[in-house]
Asks: 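Below are the structure tokens for one structure; questions will follow.
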Amino acid sequence: MADGKAPVVAEAHEVDTFHPPQKMLDKHPSKPHISGMDEYQQLYKESITEPDKFWGRMARDLLTWQRDFQTVHTGSLAEGDNAWFLEGQLNASFNCVDRHAIKDPNKVAIIYEADEPEDGRNLTYGELLREVSRTAWTLKQMGVQKGDTVAIYLPMIPEAIIALLAVVRIGAVHSVVFAGFSADSLRDRIIDARSKVVITTDEGKRGGKLIGTKKIVDEALKQCPDVSHCLVYKRTGSECPWTEGRDYWWHEEVEKWPSYIAPEPMNSEDPLFLLYTSGSTGKPKGVLHTTAGYLLGAAMTGKYVFDIHDTDRYFCGGDVGWITGHTYVVYAPLLLGVSTVVFEGTPAYPNFSRYWEIIEKHKITQFYVAPTALRLLKRAGDDFVKAKMPDLRVLGSVGEPIAAEVWKWYFEVVGREEAHIVDTYWQTETGSNVITPLAGVTPTKPGSASLPFFGIEPAIIDPVSGDEIHGNDVEGVLAFKQAWPSMARTVYGAHKRYMDTYLNVYKGYYFTGDGAGRDHEGFYWIRGRVDDVVNVSGHRLSTAEIEAALIEHHSIAEAAVVGVADELTGQAVNAFVAIKDGTEATDALRKEFVLQVRKSIGPFAAPKAVFIVPDLPKTRSGKIMRRILRKILAGETDSLGDTSTLSDPNVVDKIIATVGESR
Ligand code: 6R9
């Protein structure tokens, strides 16, 4: 196996190509949904040249409609007015729950793996339908109406899925806020989305630690006068703050209501959910997805990328607070009617074998996780990977580039060369996988997300000229030329920002914000963000947002945040701060700054290093040159480039000295 060997830096041309392992096909319950590359090419071609025919067929095949659609697609990328499956009506919770509960109510829908391995339980589709219905009733009684937004601040427990599906059952819109966000971040998201109801737990439990979710919600709600109700699921039973008349216990409310409520018929383009994500400015964006297109993207990628079959048991380790959890813990597996694992804990608790033991215990067939977790587990050592995982066919990777050594470790040590690795590239805004291998079909090269999914027409653009670069063996920024059903429709309350961020950058294209190369065989290699977004352990963070948090500290005059390469987390946040005159640079102060970010955004955004410097490198017009800071951190001080435009070129030496001292 690859562990211990020096990483080989190979040219794209020289890397090995891995075909779907024969052993994966041998243990397949039938055969992959797509017969091979020829069929992929043929369907792909149809999806690009005859998209209406292709998507119309897929939408009727994979979703159940209360009323059929007449128009497959209208609008364009240039105008930003894309709409899909017009005149059609359907309900997301019906598609995820009812149709399977009707067919086989005893089939397991949710495999709950609690933080403590012995505390879990299963929920069948029949039970899920009853729980979703009772919760939907409860929300209705709280005044939630079609089109209202409900904030969900829940850890990874079955109730998170029940809550999402209850919200969409009555035609409301969910806005999940990752339960690691601070009270301030939660408050901003509740206010921006105009949520009037919040769903949370008394506490959360993760990796043996307790998280005071209700306390955080209370802190946030101090500044959210429009929130009328808070529904609280009792997870640990500890004391928690309570506001009579606003707070209601989940178990006391749901038992009042019947176990069935009819799903609300929704138009295809009615909003399904909002999910806040980081962009290049300080304010998070409420990315809006609509009903039919998003559901189709989830179901299609579940079927073709992960090759999900009826008897499969699917495990995505993502949190429901991020898009990966939305699409691949909840929607894709449930739309396809299989069992999905809801994992409350961490890969390191009670020890580094936890994922593998879950896979063994539940005979998991597809596993999906971020490289950051794999790096941690690889470092912990192969002895932890003793579990028997004979059913594994597909191993997915998501959220950041996966290094070739980690890819190989995943393939050899976890998959025992019997599972196909799918490195899936996509974004909150794309809704579902867009550049990705299809399990059992696409040959793969470690580190490449391979080829476009159906309906995705990638373009490599020269960022300087703005022109598309045709042909192979090219580098540039990644854009898409054609609209696809699961693309985000807008940024909530900020459509201009949506246009300016994605559609007006290169007219007629959707701009991803990532750099990418296309190799000599047309395979795509994602290079990472070209904007001020950093990726820490697969969490998308905006440097501007962290800077804004730092500046709230009374001692900070100015702050600049950059991402640096980190062995474990992919990238890490490093902050440079200039403090106000008369303040002394101490370790205690540095700690306060870290705490400021934890408090303002959440622990996952905390800077790994804080450098207190006399001044930041700025141009004469006052622009902070983060490029120079990045170079200094990378030790490339002899290639700082042109520093003559700095208002005070001497600051560079001082910063180099500060960074040097602290190492
Ligand atoms: C799903 C998700 C999106 C950004 C994206 C890119 C990076 C995601 C990747 C990948 C290389 C992959 N990214 N998948 N980079 N290879 N397979 O992560 O959504 O949180 O919105 O982040 O993540 O930079 O632009 P989101």
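Both counts, for ligands and for their atoms, begin at 1 and track the order of listing.
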Asks: Check each heavy atom of Gln427 against ligand 1 and say whether those closer than 4.0 Å belong to the side chain, the backbone, both or neither.
Replies: both
Asks: To check you understand the geometry: which heavy-atom pair defines the closest contact between Leu77 and Gln482, and what is its length?
Replies: CD1-N, 3.6 Å
Asks: Look at atom 18 (O) of ligand 1 and say which protein heavy atom is nearest, naming residue and atom and giving the distance to 0.1 Å.
Replies: Gly399 CA, 3.4 Å
Asks: Heavy-atom contacts under 4.0 Å between Thr424 and ligand 1: side chain, backbone, both, or neither?
Replies: backbone
Asks: Is ligand 1 under 4.0 Å from a heavy atom in the side chain of Pro401, in the backbone, in both, or in neither?
Replies: both
Asks: Provide the number and element of each atom of ligand 1 under 4.0 Å from a heavy atom of Val398.
Replies: 1 (C)
Asks: Looking at Trp407 versus Phe18, is the centre-to-centre ring distance below 6.0 Å?
Replies: yes
Asks: Can you name the nearest heavy-atom pair linking Met156 to Val329, along with the distance?
Replies: CE-CG1, 4.1 Å
Asks: Mark up the atoms of ligand 1 that fall under 4.0 Å of a heavy atom belonging to Ile526, in ascending order.
Replies: 11 (C), 15 (N)
Asks: Has ligand 1 got any nitrogen or oxygen that is less than 3.5 angstrom from a nitrogen or oxygen of Asp514?
Replies: yes
Asks: Which of the numbered atoms in ligand 1 are under 4.0 angstrom from any heavy atom belonging to Arg540?
Replies: 3 (C), 20 (O), 21 (O), 22 (O), 26 (P)
Asks: Looking only at side-chain N and O atoms, does Tyr294 offer a donor or acceptor that is under 3.5 Å from a partner on Thr327?
Replies: yes
Asks: Starting from the C-alpha separation in whole Å, work towards a yes-or-no answer on salt bridge (charged side-chain N to carboxylate O under 4.0 Å, His left out) for Asp312 and Arg393.
Replies: CA-CA 10 Å; Asp312 285 344; Arg393 302 200 310 272; 2.9 Å; yes
Asks: Looking at every non-hydrogen atom in both residues, tell me the closest pair between Leu274 and Ala193 and how far apart they are.
Replies: CD1-CB, 3.6 Å
Asks: Just jot down the ligand 1 atoms closer than 4.0 angstrom to any heavy atom of Thr324, in number order.
Replies: 1 (C)
Asks: How far apart are the closest heavy atoms of Glu269 and Trp84, and which atoms are they?
Replies: OE2-N, 2.8 Å
Asks: Side chain, backbone, both or neither: which applies to Ile402 and ligand 1 if a contact is any heavy-atom pair less than 4.0 Å apart?
Replies: neither
Asks: What residue and heavy atom of the protein are closest to atom 3 (C) of ligand 1, and at what distance?
Replies: Trp426 O, 3.6 Å
Asks: Is the NZ atom of Lys608 crowded by more than 12 outside heavy atoms at less than 6.0 Å?
Replies: no
Asks: Looking at ligand 1, does any of its N/O atoms fall within less than 3.5 Å of an N/O of Thr277?
Replies: no
Asks: Specify side chain, backbone, both or neither for Thr428, according to which of its non-hydrogen atoms lie closer than 4.0 Å to ligand 1.
Replies: both
Asks: To check you understand the geometry: which heavy-atom pair defines the closest contact between Ser600 and Ser182, and what is its length?
Replies: O-OG, 2.8 Å
Asks: Testing Glu545, Glu429, Glu400 for salt bridge (charged side-chain N to carboxylate O under 4.0 Å, His left out) with Arg540, which one passes?
Replies: Glu429
Asks: Is there a nitrogen or oxygen of Ile323 sitting under 3.5 Å from a nitrogen or oxygen of ligand 1?
Replies: no
Asks: Considering the heavy atoms of Asn535, write down every atom of ligand 1 situated less than 4.0 Å from one of them.
Replies: 7 (C), 23 (O)
Asks: Select the closest option to atom 12 (C) of ligand 1 among Glu400, Arg529, His539, Arg527, judged by heavy-atom distance.
Replies: Glu400
Asks: Could you check whether any heavy atom of Trp322 sits closer than 4.0 Å to an atom of ligand 1, since that is the contact criterion I want to use?
Replies: no
Asks: Could you pull out the closest heavy-atom pair between Thr428 and His289, with the gap in Å?
Replies: O-NE2, 2.8 Å
